[in-house]
2 protein chains.
Amino acid sequence: MVRGGVPSAGEYRCAMAQTQRANSGDALAPTRRDPDRPDLAAMVVPLGRALMAAELPVLRAHDLTMWAYTVLLALGDEPVRSQATLAESIGADKTRVIAVLDDLEQRGLIRRRPDPADRRARLLSLTEQGHRVRAAVRSGIRVREERLLARLPDADRLGFLNALRTLSALPPETIAD
Amino acid sequence: MVRGGVPSAGEYRCAMAQTQRANSGDALAPTRRDPDRPDLAAMVVPLGRALMAAELPVLRAHDLTMWAYTVLLALGDEPVRSQATLAESIGADKTRVIAVLDDLEQRGLIRRRPDPADRRARLLSLTEQGHRVRAAVRSGIRVREERLLARLPDADRLGFLNALRTLSALPPETIAD
DNA sequence: TATTGTTATACTCTATAACTATA
DNA sequence: TATAGTTATAGAGTATAACAATA
């Protein structure tokens with residue numbers, strides 16, 4: 001764990017870790033391919049956990065929790081107009097981001113000032129140093145990811161990233177039906 | 001939630017849900033492709049959560065928790081010689097599988113009998129009905145997954161599944177370095 | 001009255017430790 | 001003494017409810 005712990009997921013984890021294993025991959029027609037493959041979730045979820053575990057050393061080196069990094073990512077592209085907006089955009093409870101923001105603000109990585117137009121809300125933005133840390137962590141993570149992706153044949157790598165972007169861009173309700 | 005709740009993940013969840021978004025995908029060279037893509041974990045983890053959410057209705061229809069289904073999956077291929085072995089194989093604590101096994105046994109989905117050779121251990125196996133339930137749930141899940149995968153171009157779909165099997169077959173330590 | 005941010009409380013899930021029964 | 005299974009306890013992490021400030 002990094003600082004103050006890392007987010008966790010009441011409902012959303014499955015332990016299908018090493019349950020279902022890949023079996024030899026022969027190229028069949030895409031439509032009726034590999035009917036005995038493991039469940040998608042049984043592959044995707046453990047992979048996600050492993051990827052997060054791979055990020056932890058980088059985060060730790062910068063003394064960031066997963067939540068803190070998530071906030072830096074969310075604020076990096078453009079400032080956010082309220083903490084509630086931020087919380088929703090990163091899929092967190094509004095009460096949970098408070099401690100994270102307190103910490104980041106105290107360390108000078110973000111700015112949090114009342115919105116002059118509506119003094120109830122807080123305008124959230126990254127400081128100069130926040131941008132630097134964000135970029136450093138992100139590139140550190142990217143290096144490890146590229147090393148991992150290098151294990152894949154070019155075609156699989158391309159399809160993997162394409163599919164990931166397609167699927168992760170879908171609203172969760174679409175996936176869940 | 002299904003029955004008695006679903007496993008959760010102290011350390012392993014990140015809320016990068018809608019944080020980083022896919023940007024338009026143009027085909028570059030595989031090696032230096034899309035340097036501004038979101039972190040892998042930021043795409044894989046939310047996708048995994050969505051996939052699990054998609055499984056929940058199927059599990060609920062059979063009154064199974066995610067853990068229970070995980071156990072059914074693990075016992076389906078071949079019986080297991082002890083609860084500790086099972087727990088480790090599905091990445092769970094040995095104290096946590098007990099309630100799950102109690103429930104599954106009581107409902108006649110698994111058998112749990114002392115090993116004659118070492119009466120400390122319990123031999124775990126699926127009953128006839130356990131096999132049926134396992135198959136029914138699995139095929140219900142598969143239907144939904146195929147519907148989702150149909151959104152992908154054949155090439156991406158193929159690469160995605162290939163990559164998933166390759167990466168999820170790696171020991172987590174390999175991914176985490 | 002409704003909303004933003006905050007705090008405090010309760011709840012869920014998980015891991016740790018202690019116990020039993022076998023070996 | 002060590003291990004498999006079990007139970008009970010304590011610890012994280014999270015969400016719910018209640019509050020103050022502003023609109």
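First the proteins, then the strands, lettered A, B, ... as listed; each starts at 1.
For the pairing with B:Leu47, the side-chain contact (heavy atoms from CB on, under 4.5 Å) check across B:Leu51, B:Val45, B:Val44 returns one residue only, B:Leu51.
Rounded to an integer number of Å, the gap from CH2 of B:Trp67 to P of C:dT12 is 18 Å. The separation between A:Leu123 atom CG and C:dT4 atom P is 13 Å, rounded to whole Å. One can place CZ of B:Arg96 at 16 Å from C1' of D:dT6, the figure rounded to the nearest angstrom. One interatomic measurement links the two molecules: CG of A:Leu101 to C1' of C:dG5, which rounds to 11 Å at whole-angstrom precision. Atoms CE (A:Met66) and P (D:dA12) sit 19 Å apart, rounded to a whole Å. The separation between A:Glu88 atom CD and C:dG5 atom C1' is 16 Å, rounded to whole Å.
Between A:Arg112 and A:Asp102 there is a salt bridge, with a side-chain nitrogen of the basic residue lying less than 4.0 Å from a carboxylate oxygen of the acidic one. Contact check on B:Arg138 versus A:Asp36 returns no salt bridge, with no Lys/Arg side-chain nitrogen under 4.0 Å from an Asp/Glu carboxylate oxygen. Ion pairing between a basic and an acidic side chain is recognised when a charged N comes within 4.0 Å of a carboxylate O; B:Arg119 and B:Asp115 show no such pairing.
Look at B:Arg112 and you'll find a side-chain N or O under 4.0 angstrom from OP1 or OP2 of D:dT6.
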key: Per-nucleotide protein contact string for nucleotides 16-23 of chain C (B base, S sugar-phosphate only, - none; heavy atom under 4.0 Å)   = BB----BS
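Nucleic acid contact class of B:Arg81 (heavy atoms, under 4.0 Å, all strands): none.
Under the salt bridge (charged side-chain N to carboxylate O under 4.0 Å, His left out) criterion, A:Glu145 pairs with A:Arg142, B:Arg37, sequence neighbours left out. With sequence neighbours excluded, the residues satisfying side-chain contact (heavy atoms from CB on, under 4.5 Å) with B:Thr127 are B:Arg111, B:Gln129.
The nucleotide whose nearest atom lies closest to any side-chain atom of B:Ser82 is, among D:dG5, C:dT6, C:dG5, D:dG5.
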